[in-house]
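These notes concern the structure reproduced below.
Quick caveat, the model's predicted, so the values are computed rather than measured.
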Amino acid sequence: METRREWEAVECAEEDGAEADGGEARSFESLAGRVTRKRALSRRLLFLDVEADGATRPVVVKEGCGGVGGAAVARSVVKLGDVLRVSGEVQPGGSLLATHLAVERAWREEGGGAPWPPPAAVRPLPPPPVAEAAAKAASVCHAWLNTGQCLRAGCAFRHESAELRAEREAWVAARRERRLLLSAASDPTAPHEKRSHARRAAELSRWLLATLGRARLCAGAGVLDVAGGRGALSFELAMAGVGCTLVESREAAPTLDRRQRKRLRRVEVEAGAQTAEVEAGAQTAEVEAGAQTAEVEAGAQMAEVEAGAQMAEVEACAQAAEVEAGAPTAVVEAGSQTAGTDLPFRVLHESLDAGFEARHGDLVARASLLVGLHPDQATEPIVDLALRRGVPFAVVPCCVFAREMPKVLKTGEPVTTYEQLVEYLLQKAPGIRSAYLPFIGRNLVLWWDPSADVSDSPASAIAS
């Protein structure tokens, strides 16, 4: 039976959210057609190409879709060749965000058991190589569009533009749309309100200070920043007054960029001003103590016992004033010495391998926190070491490394996606918690505090 497509532009009902933010009406449509392509980007995001009357319409399936279910269910229920009935909201660019999905005819029944796709005689042929090359040549290179240069040898895309600004704005708009589709349903920060990826270290530092507190982070040997690269997170913590040790396997010493050096000089100037203020206060206290001493000596006609008692009292006051004035001075001087060094944090050129604990067991035991911001292969070793030694940890996982570091969930399923990696890490111990940070990219932080009550902090996995 020939496939069909039915388009119905409908007014948004009041109960369905008749008007979007800003009073702009939303458009909903209904489509019936055959699935010609299926791409599962994650367990909560599925892309379908639905073809009818010779035209193809992209359909996006996320969690919360009615009918057969969300992306996690639809990826296994919907098969290539199936005829679907899809209702959903029209997105910018023409794609359809499904709100209800139903299988009208399954290909396994209609095709009599034949595999999809059908024979090549009835299947549209791919474009010839010449046409494909011409299409690439007509498209602008995204690397060149973004940075003004392309380092890929033999790049077939276009590296010139008569409307550079317009093409760049269109490319940015498309990236924002993709970012919106990729955002997790449980992430409280809207995609367009997140800070740039370059600010991830500052956001994690701010979250650590708000969650654990400065006093807790400064305890013992301070924070161990594992696989921290150039030390962006260590620098942010140091600027907040937290002692930090960067554990990085690369032999090249980390260097500060111009912005960091400027912040460091500003802190040094502020610390110098505080030191001068404290010293001035100490001198004032000494003058006042001297005046009191002279006054006591002027009363020499008094009885020796009374004069001696008053003198002892005045000297005690002078000593107390000197001690009170000297204590903040020492603190400021220590901070000034730290800020005056090339790096405001310590660096340990080591990798978190099997022998790290044996070589630096005392440092690990006295650490206030083990932290990793996109630490790649060191993600699981950080968690394992912290759990084994009872030290709090916070990691922001990123890459899976499914082939290099194979992992298996408790269900026996291999870990091949980011969502599975998060689930795998959460399964390591009760009480591991998760939170989203407001920056672009992989922004889920998993953290564990052995002093917290496990019953009050159940592990919470990313929505899948």
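- Looking only at distances, no side-chain donor or acceptor of Arg200 sits under 3.5 Å from a matching main-chain atom of Asn443.
- Figure legend: Arg37 and Phe47 shown without cation-pi pairing, the cationic atom not lying both under 6.0 angstrom from the six-membered ring centre and within 45 degrees of its axis.
- Between Arg206 and Glu203 there is a salt bridge, with a side-chain nitrogen of the basic residue lying less than 4.0 Å from a carboxylate oxygen of the acidic one.
- Put simply, the side chain of Ser434 never gets that close to the backbone of Val445: no donor and acceptor are under 3.5 Å apart.
- Under a 3.5 Å cut-off, the side chain of Glu63 and the backbone N or O of Ala72 do form a donor-acceptor pair.
- The side-chain heavy atoms of Leu217 and Leu208, taken from C-beta on, include a pair separated by under 4.5 Å.
- Looking only at distances, a side-chain donor or acceptor of Ser368 sits under 3.5 Å from a matching main-chain atom of Gly222.
- Salt bridge annotation for Arg105-Glu109: absent, with no cationic side-chain nitrogen under 4.0 angstrom from a carboxylate oxygen.
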_Stepwise salt bridge (charged side-chain N to carboxylate O under 4.0 Å, His left out) test for Glu270 and Arg265_ = CA-CA 9 Å; Glu270 292 175 355; Arg265 286 195 297 268; over 6 Å; no
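- Using a 30° and 60° split on the angle between ring planes, His197 and Phe439 fall in the perpendicular class, above 60°.
- Annotation for Phe157 and Ser139: closest pair CB-O, 3.5 Å, computed over non-hydrogen atoms.
- A salt bridge is defined here as a Lys NZ or Arg NE, NH1 or NH2 lying under 4.0 Å from an Asp or Glu carboxylate O, and Glu423 with Arg43 meets this definition.
- One N or O on the side chain of Lys38 and one on the backbone of Val78 form a donor-acceptor pair closer than 3.5 Å.
- No donor-acceptor pair under 3.5 Å is formed between the side chain of His100 and the backbone N or O of Ala98.
- The main-chain N or O of Pro58 is never found under 3.5 Å from a side-chain atom of Asp49 such that the two would form a donor-acceptor pair.
- Side-chain atoms of Glu110 do not come within 3.5 Å of backbone N or O of Ala106 as any donor-acceptor pair.
- Using a cutoff of 4.0 Å between basic side-chain nitrogens and carboxylate oxygens, Asp187 and Lys194 are scored as salt-bridged.
- Remark: Arg216 engages Asp449 in a salt bridge, criterion side-chain N to carboxylate O under 4.0 Å.
- Side chains of Leu237 and Asp225 form no contact here, defined as non-hydrogen atoms less than 4.5 Å apart.
- With sequence neighbours left out, Thr255 forms a side chain to side chain donor-acceptor pair (under 3.5 Å) with no residue at all.
- For Arg261 and Glu268, the salt-bridge test fails: no basic side-chain N is under 4.0 Å from an acidic carboxylate O.
- Between Glu104 and Arg85, at least one side-chain N (NZ, or NE/NH1/NH2) sits under 4.0 Å from a carboxylate O, which counts as a salt bridge.
- Residues Ser161 and Trp144 have side chains in contact (heavy-atom distance under 4.5 Å, counting atoms from C-beta outward).
- A heavy-atom distance below 4.5 Å is not found between the side chains of Leu246 and Leu348.
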Review item, side-chain donor-acceptor pairs of residues 388-398, under 3.5 Å, at least two apart:
from   : atom 1 : to     : atom 2 : distance (Å)
Arg388 : NE     : Glu357 : OE1    : 3.0
Arg388 : NH2    : Glu357 : OE1    : 2.9
Arg389 : NH1    : Glu357 : OE2    : 3.1
Arg389 : NH2    : Gly361 : O      : 3.3

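- Under the 4.5 Å side-chain criterion, counting only non-hydrogen atoms from C-beta, Leu96 is not in contact with Glu89.
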